[in-house]
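A short worksheet on the structure shown next.
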Amino acid sequence: MKRIFITTGYRGHNRKDRRFEVPKLHLTLGNLEFATYDWSLGGFRIDDFAGRPPVGEKVSVRQIAYDTSRTATTNSIAVVTRILVGKNQVAFSFNKLDEIAYDFLEKASMHRLTQLAKG
């Protein structure tokens, strides 16, 4: 039986990792590409999509990028954690984050500081 957890309003978080809006990440989930609303070492939010997996289902994260010269091929797994109907978004948490993806996300968070300093 598939579990469904849908939320239409914003609720508080008990989040371990702070989410960032910049740099915007571009992810390949299975064979589909998405840009993030926000992300952290713990997960990310993307646009809703037709045929999305239900809450609890695992998806393969094959590639992460934040510009054409900064990209990483990865073998990570993310789990659908929430579907935000009113915002047409899907939230994921990383179930398995390989070393390549972890290092890439750490570098992206440092790049974020550079972008914020430029104003």
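Between L25 and F20, every side-chain heavy-atom pair lies at or beyond the 4.5 Å cut-off. Residues N88 and D47 are not in side-chain contact: their nearest non-hydrogen atoms beyond the backbone lie 4.5 Å or more apart.
Atom CD of E33 is surrounded by 12 or fewer heavy atoms from other residues, nucleotides or ligands within 6.0 Å. In the displayed structure, N31 atom CG is contacted under 6.0 Å by at most 12 heavy atoms of other residues, nucleotides or ligands.
Ring orientation note: the planes of Y66 and F104 are tilted relative to one another, at an angle of 30° to 60°.
Within the 3.5 Å criterion, the main-chain N or O of D98 finds a donor-acceptor partner in the side chain of S76.
R45 contributes atom CZ, which lies 14.0 Å from atom OG of S93 (distance to the nearest 0.5 angstrom).
Put simply, V85 and F92 are part of the same group of oily side chains (I, L, V, M, F, W, Y) that touch within less than 4.5 Å, one to the next.
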### Message
What verdict does the ring pair (Phe, Tyr, Trp, His ring centres under 6.0 Å) test give for H26 and F34, after you've listed the backbone C-alpha separation in whole Å, the side-chain angles of each residue and the deciding distance to 0.1 Å?
### Response
CA-CA 6 Å; H26 299 274; F34 297 94; over 10 Å; no
### Message
Before you tell me yes or no, could you show the steps for V22 and K24 under side chain to side chain contact (heavy atoms under 4.5 Å, CB included), namely the whole-Å CA-CA distance, both residues' side-chain angles and the distance that decides it to 0.1 Å?
### Response
CA-CA 5 Å; V22 292; K24 188 166 292 293; over 6 Å; no
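The existence of a salt bridge linking R52 and D48 is confirmed by a sub-4.0 Å separation between a basic side-chain nitrogen and an acidic carboxylate oxygen.
In summary, of the residues considered (V79, I77, V61, L41), a side-chain contact (heavy atoms from CB on, under 4.5 Å) with F94 occurs for V61 alone. Of the residues listed (L27, I46, L105), the one engaging W39 in a side-chain contact (heavy atoms from CB on, under 4.5 Å) is L105, and it is the only one.
Of the N and O atoms on the side chains of T74 and Q63, not one donor lies less than 3.5 Å from an acceptor on the other residue.
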